[in-house]
Amino acid sequence: MTDDVILQVKDLKTYFKLDEGLLKAVDGVSFELRKGETLGIVGESGSGKSVTNLALMRLVPVPPGRIAGGEVLFNGKDILKMSDAEIRAVRGNKISMIFQDPMTSLNPFLRVSTQLIETLVLHQGLDKKAAKEKAIEMLKLAGIPAPEKRIDQYPHQFSGGMRQRVMIAMALSCNPEILIADEPTTALDVTIQAQILELITELSERLGTAVILITHSLGVVAGMCDNICVMYAGRIVEKGDADEIFADPKHPYTQGLIKSVPRLDRENKQRLYSIPGQPPNVINLPDCCPFFPRCERAMDICKSKYPPVSAVGRGRSVACWLYGEGK
């Protein structure tokens, strides 16, 4: 692991034992995150994006879930082997997370001030007065007007976009090394989505924070991510430099995702492309390429064996038989 790599995930596996069988939500995921980098994790709903990052934070509910294997090295130390006290010192302090729905992430019975101050007192060792001053400063940075007054309000007194700004202020208040943003624009209108993404980019650059951005939209990651991991059925099927992936996607699934993004530089004379079929049920999934029923270039080997991960350039890899032994 090089000096600028602050997070290294190796063969991470997270399974859920259900009545129907074993659900392999994350099945051998590996990637790296460097200082100051923004990494996008992209895929359809159910591909394993959120569970991957819940596993990084040791937030997978046990039971029915369990982390079945792998390593998560944060500055060289395996998070999965940390004691409860050690992970509490990391979670919310060194690694912070913005969840999908700010209304359910914020406690509706507590004032915003209470929730922000608690984090700063716990992780930064500030007294309540200093913590409130820091909290007001973070709300101001997050673009909330009159933060001195609004800090004492309850979450229901904020709009959806403002609640998400509170979550961003809370997540960044301890100057974390890594910020995980789990679909931070869900349920927000398009204008507010753009403002929230711009705010995350601006504050992460100002504070030197590395970002993992989880989203189902390639359009979201196009302008703000350095590297991309494309997930499907619990595995990474393609990863590499964002610009290179957009210019020359290799995996048929990545190609389908990019083709389904609306284009403003083309005349609107045909239906928007959509990938045929539905994502697979990952309970008791057979050991083959899970994308083959939806793939226009599927071969016989795709139906019987999972493809190896093949290098397709510097820092780029793809799990597809078109580039492996079956090409």
Side-chain angles (χ1 to χ4, degrees), residues 29 31 38-50 52 100 181-186 188-191 193-194 197 201 212-282 285 288-303 306-324 326-327:
V29 164
F31 62 85
T38 299
L39 172 69
I41 300 182
V42 186
E44 293 170 293
S45 297
S47 61
K49 310 181 299 298
S50 294
T52 295
Q100 290 188 30
D182 186 1
E183 302 205 26
T185 58
T186 298
L188 301 178
D189 64 59
V190 175
T191 304
Q193 285 183 21
L197 293 173
T201 301
I212 298 176
L213 177 64
I214 306 168
T215 179
H216 60 268
S217 172
L218 272 171
V220 168
V221 303
M224 61 182 296
C225 291
D226 302 301
N227 291 291
I228 295 175
C229 294
V230 181
M231 287 193 70
Y232 190 80
R235 302 195 190 191
I236 292 176
V237 296
E238 184 169 359
K239 62 182 174 182
D241 178 83
D243 292 337
E244 292 182 9
I245 286 179
F246 274 96
D248 184 25
K250 299 295 186 183
H251 198 282
Y253 178 60
T254 312
Q255 294 170 1
L257 288 177
I258 291 177
K259 284 172 65 179
S260 65
V261 176
R263 296 283 296 269
L264 296 177
D265 57 344
R266 294 179 181 173
E267 293 186 17
N268 188 19
K269 292 184 177 180
Q270 57 186 18
R271 288 177 60 88
L272 188 64
Y273 177 82
S274 63
I275 301 172
Q278 297 292 328
N281 184 345
V282 293
L285 196 66
C288 63
C289 177
F291 188 63
F292 87 82
R294 309 172 69 188
C295 182
E296 299 172 352
R297 304 173 68 184
M299 302 175 288
D300 289 339
I301 194 171
C302 304
K303 306 172 185 178
Y306 195 87
V309 177
S310 305
V312 289
R314 184 179 179 183
R316 284 195 66 184
S317 62
V318 59
C320 180
W321 284 113
L322 293 170
Y323 307 94
K327 61 183 178 181

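Being a predicted model, the structure only gives us computed values, none of them experimental.
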*Roughly how far, to the nearest 0.5 Å, is SG of Cys289 from OH of Tyr306?*
6.5 Å
*Are Lys259 and Ile275 side-chain neighbours, meaning at least one heavy-atom pair lies under 4.5 Å?*
no
*Mind checking whether Pro293 and Pro280 have side chains closer than 4.5 Å, heavy atoms only?*
no
_Contact summary for Gly234 and Val29, nearest pair of heavy atoms_ = O-CG2, 3.6 Å
_Check: Gln255 and Glu296 side chains under 4.5 Å, non-hydrogen atoms_ = no
*Give a yes or no answer on whether the side chain of Glu238 reaches the backbone of Cys229 with a donor-acceptor pair at less than 3.5 Å.*
no
_Any side-chain to backbone donor/acceptor pair from Asn227 onto Leu39? Under 3.5 Å, distance only._
no
_Please check this pair: side chain of Lys49 against backbone of Glu44, looking for a donor-acceptor N/O pair closer than 3.5 Å._
yes
*Has Arg294 got its NZ or CZ under 6.0 Å from the middle of the six-membered ring of Tyr232, at an angle within 45 degrees of the ring axis?*
no
_Side chains of Pro184 and Leu213 in contact at under 4.5 Å (non-hydrogen atoms)_ = yes
*Cys295 and Tyr253, any side-chain heavy atoms less than 4.5 Å apart*: no
*Kindly compute the distance separating CZ (Arg316) from CG (Asp248), expressed to the nearest 0.5 Å.*
6.0 Å
*Point-to-point distance, once rounded to the nearest 0.5 Å, from CD1 of Ile228 to CD1 of Ile236*: 12.0 Å
*Does the side chain to side chain contact (heavy atoms under 4.5 Å, CB included) test come out yes or no for Phe291 and Val237, once each step is laid out?*
CA-CA 10 Å; Phe291 188 63; Val237 296; over 6 Å; no
*Atom of Ala233, atom of Leu285 and distance for their closest heavy-atom approach*: CB-CD2, 4.2 Å
*With side chain to side chain contact (heavy atoms under 4.5 Å, CB included) as the test, would you mind laying out the steps for Thr201 and Thr38 before giving the verdict?*
CA-CA 9 Å; Thr201 301; Thr38 299; over 6 Å; no
*State, with a plain yes or no, whether a side-chain heavy atom of Met231 is found less than 4.5 Å away from one of Thr52.*
yes
*Measure across Cys320 and Pro252 and return the closest heavy-atom pair with its distance rounded to 0.1 Å.*
SG-CD, 3.8 Å
*Which distance, rounded to the nearest 0.5 Å, do you find between the CG of Asp300 and the CZ of Phe292?*
10.0 Å
*Closest approach of Asp241 and Asp226, non-hydrogen atoms and distance?*
OD1-O, 3.6 Å
*Residue pair Ser310 / Tyr323: nearest heavy atoms and the distance that separates them*: OG-O, 3.3 Å
*Atom OG in Ser50, atom CD in Glu183: separation rounded to 0.5 Å?*
5.5 Å
*From Leu257 CG over to Tyr273 OH, what is the distance, rounded to the nearest 0.5 angstrom?*
9.5 Å
*Please report the closest heavy-atom contact between Val309 and Ser317, naming both atoms and the distance.*
CG1-CB, 3.7 Å
